[in-house]
Amino acid sequence: MPPISSDMLTPMRDALVAFRHDIHRHPELGFQETRTAGKVAEALRAAGLEVHEGIGGTGIVGVLRRGNGPRSILLRADMDALPIQENSVHDHVSETPGVMHACGHDGHTTMLLGAAQCLAESDSFGGTVYFLFQPNEEHGLGAKAMLADGVLDQFPADEVYAIHNLPGEPLGVFSTCSGTICSSETLFEINIRGRGGHAAMPQVGVDAILVGAEVVQALQSIVARKVVPGSGIVVSVTEFITDGARNVLPGNAQLKGDFRARTPADRELVSGLIRQICAGVAQIHRVDIAVDIRTTFVETINAAEQTRAAMQAATNSGFETRPDRHPMSFSEDFAHFAAACPGCFILMGNGTEGSHGQPLHASDYDFNDQALTLGAAFWACLVHERLSGEDTAHV
């Protein structure tokens with residue numbers, strides 16, 4: 001089979017752009033993606049696919065079968081937007097106040113839909129493709145909801161894949177790595193109960209701000225002095241809340257934040273160090289410190305075979321590839337699918353100029369329309385190679 005290139009998908013480009021612009025104008029938060037899911041389901045049915053709705057809340061799975069091939073592949077796109085007020089000047093700005101597609105999930109959804117439409121017109125592969133459109137990726141809840149709803153029991157894939165755009169990287173460069181590609185995210189909440197008092201007489205009470213500041217500084221010693229350099233661990237305190245006033249020393253303080261890790265062992269290590277630090281500071285100051293730690297995203301770990309296959313498909317489609325990308329510090333809900341089934345999470349360059357190069361979650365970020373046919377072509381090539389027996393070359 002000749003390689004699939006993005007030029008072959010040019011005839012559908014305008015329709016894909018129109019679809020993305022429509023769902024960009026009407027963004028929906030996690031588990032609220034009813035309009036988006038409806039549009040996706042409608043388009044999948046129009047392409048002739050079997051469609052299953054309401055999985056894990058608002059999730060969609062489109063099924064495409066060809067021949068009697070026993071193998072199956074699952075391709076995942078996320079649909080949810082973010083609670084951010086868009087600050088852009090293009091003609092498809094969000095019409096929903098305080099909500100926008102600041103992470104490119106509108107593009108991910110459209111690329112996968114384009115691949116489904118392309119593959120629905122092809123009979124040069126044999127097997128089953130599951131096109132999965134996931135809700136609520138941003139809070140790390142959508143994949144777990146779909147898995148709890150039995151999505152992999154109903155649609156038993158041999159392998160799973162997902163793409164995320166990467167602003168600041170050249171358009172159409174595909175990159176990933178075997179092993180950990182995205183870090184876990186663990187939230188922590190530290191509640192300090194001291195003894196408030198008059199600002200003019202600090203010796204009478206126990207200033208919760210002073211205790212909290214000591215905890216904050218000690219937490220930074222985890223990365224600086226307590227873990228292996230270059231481990232990729234990041235510890236961040238993002239909120240410091242007290243009940244103090246202009247002339248009142250606070251008796252209570254609350255610290256909130258998160259930390260990132262690349263291995264389950266490092267995740268457990270940091271959790272233990274946070275608890276140890278808080279216990280020590282509490283003993284020194286004779287206060288009560290309660291610690292709550294909760295992991296919301298686990299590490300995204302790519303399987304070696306699926307990583308090789310993804311990079312091979314990108315190469316065969318004419319794209320530049322970087323199969324040895326350094327792991328990313330952000331977290332990804334696809335981790336739960338990759339833990340349940342061999343898979344690969346792939347990054348695709350979104351461009352370096354203007355809104356396409358703005359960071360993810362920025363209020364003036366926008367997905368690059370030129371990437372729509374690139375991503376769809378990659379998906380189509382990957383399916384053909386994995387379900388046709390032609391995937392024999394090595395990167």
Side-chain angles (χ1 to χ4, degrees), residues 1-6 71 73-78 104 107-108 111-112 115 125 129 157-184 230-232 260-263 298-335 337-352 356-357 360 368 370-395:
M1 184 199 77
I4 294 175
S5 70
S6 59
R71 289 184 53 77
I73 184 172
L74 185 150
L75 312 179
R76 174 277 215 171
D78 34 20
H108 303 166
M111 288 191 301
L112 188 57
F125 66 94
V129 190
D158 293 312
E159 52 190 13
V160 297
Y161 296 86
I163 290 177
H164 204 294
N165 77 97
L166 191 59
E169 287 278 306
L171 176 66
V173 173
F174 285 75
S175 62
T176 191
C177 67
S178 182
T180 300
I181 180 64
C182 294
S183 300
S184 59
S231 63
R260 313 291 172 130
R262 294 180 184 166
T263 68
V298 296
E299 300 80 11
T300 306
I301 301 175
N302 286 341
E305 167 61 19
Q306 282 65 38
T307 300
R308 183 203 63 76
M311 291 294 93
Q312 187 64 58
T315 297
N316 290 347
S317 294
F319 299 117
E320 180 182 344
T321 60
R322 298 177 184 172
D324 56 354
R325 168 168 285 283
H326 197 65
M328 308 300 292
S329 59
F330 60 68
S331 304
E332 170 57 52
D333 198 24
F334 179 71
F337 287 114
C341 186
C344 182
F345 182 73
I346 306 126
L347 296 158
M348 181 187 70
N350 193 57
T352 60
H356 305 145
L360 297 172
N368 194 333
Q370 295 183 64
L372 294 173
T373 54
L374 306 186
F378 165 80
W379 279 140
C381 184
L382 179 66
V383 167
H384 277 286
E385 293 188 357
R386 298 305 280 171
L387 299 184
S388 68
E390 296 185 10
D391 179 37
T392 56
H394 286 260
V395 176

Trainee: Of all the heavy-atom pairs spanning Ser231 and Arg262, show the shortest one and how long it is.
Mentor: O-CD, 3.6 Å
Trainee: Start with the C-alpha distance between Thr176 and Arg325, add both sets of side-chain angles, then the distance that settles side chain to side chain contact (heavy atoms under 4.5 Å, CB included), and finish with yes or no.
Mentor: CA-CA 5 Å; Thr176 191; Arg325 168 168 285 283; 5.7 Å; no
Trainee: How would you list, by chain and number, every residue that makes a side chain to side chain donor-acceptor pair (under 3.5 Å) with His108, sequence neighbours excluded?
Mentor: Asp78, Asn165
Trainee: Using side chain to side chain donor-acceptor pair (under 3.5 Å) as the criterion, list what pairs up with Asn350, not counting sequence neighbours.
Mentor: none
Trainee: Show the nearest heavy-atom pair for residues Leu74 and Ala157, with the distance to one decimal.
Mentor: CB-CB, 3.6 Å
Trainee: Can a donor-acceptor pair be found between the side chains of Gln306 and Asn302 at a distance below 3.5 Å?
Mentor: no
Trainee: Are Thr307 and Pro323 close enough that some pair of their side-chain heavy atoms sits under 4.5 Å apart?
Mentor: no
Trainee: Measuring from atom CG of Asn368 to atom OG1 of Thr352, what distance do you get when rounded to the nearest 0.5 angstrom?
Mentor: 9.5 Å
Trainee: Do Ile73 and Val383 make a side-chain contact, defined as non-hydrogen atoms from C-beta onward lying under 4.5 Å apart?
Mentor: yes
Trainee: Does anything in residues 313-322 pair up under salt bridge (charged side-chain N to carboxylate O under 4.0 Å, His left out), and if so which pairs, sequence neighbours excluded?
Mentor: Glu169-Arg322, Glu320-Arg322
Trainee: My understanding is that only residues two or more places apart in sequence, or in another chain, count here; which of them pass side-chain contact (heavy atoms from CB on, under 4.5 Å) with Ile301?
Mentor: Thr180, Glu299
Trainee: Could you tell me if the ring centre of Phe319 sits under 6.0 Å from that of Phe378?
Mentor: no
Trainee: Find the distance between NE2 (His384) and CG (Asn316) and round it off to the nearest 0.5 Å.
Mentor: 12.5 Å
Trainee: Would you please name every residue forming a ring pair (Phe, Tyr, Trp, His ring centres under 6.0 Å) with Phe337, sequence neighbours left out?
Mentor: none
Trainee: Show which side-chain atoms of residues 338-349 pair as donor or acceptor with protein atoms under 3.5 Å away, not counting sequence neighbours.
Mentor:
none

Trainee: CG of Leu387 to CG of Leu382: how many Å apart, nearest 0.5 Å?
Mentor: 8.5 Å
Trainee: Where do Tyr161 and Ala310 come nearest, in terms of heavy atoms and distance?
Mentor: CE2-CB, 4.2 Å
Trainee: Please list, chain by chain and in numerical order, all residues satisfying side chain to side chain donor-acceptor pair (under 3.5 Å) with Ser178, sequence neighbours excluded.
Mentor: none
Trainee: Between atom CD1 of Ile163 and atom CZ of Phe334, what is the distance when rounded to the nearest 0.5 Å?
Mentor: 10.5 Å
Trainee: Applying side chain to side chain contact (heavy atoms under 4.5 Å, CB included) between Trp379 and each of Leu75, Leu374, Val129, report the one that passes.
Mentor: Leu75
Trainee: I'd like to check the side chain to side chain donor-acceptor pair (under 3.5 Å) partners of Glu332; sequence neighbours left out, ordered by chain and number.
Mentor: Arg76
Trainee: Considering non-hydrogen atoms only, spot the tightest contact between Met311 and Thr321 and give its length.
Mentor: O-CG2, 3.7 Å
Trainee: Looking only at side-chain N and O atoms, does Ser331 offer a donor or acceptor that is under 3.5 Å from a partner on Arg260?
Mentor: yes
Trainee: Within the 4.5 Å heavy-atom criterion, are Gln370 and His356 side-chain neighbours or not?
Mentor: no
Trainee: Just by distance, do the side chain of Ser183 and the backbone of Met328 share a donor-acceptor pair under 3.5 Å?
Mentor: yes
Trainee: Within this structure, what is the NE2-CG distance for the pair His164 and Asp333, rounded to the nearest 0.5 Å?
Mentor: 11.0 Å
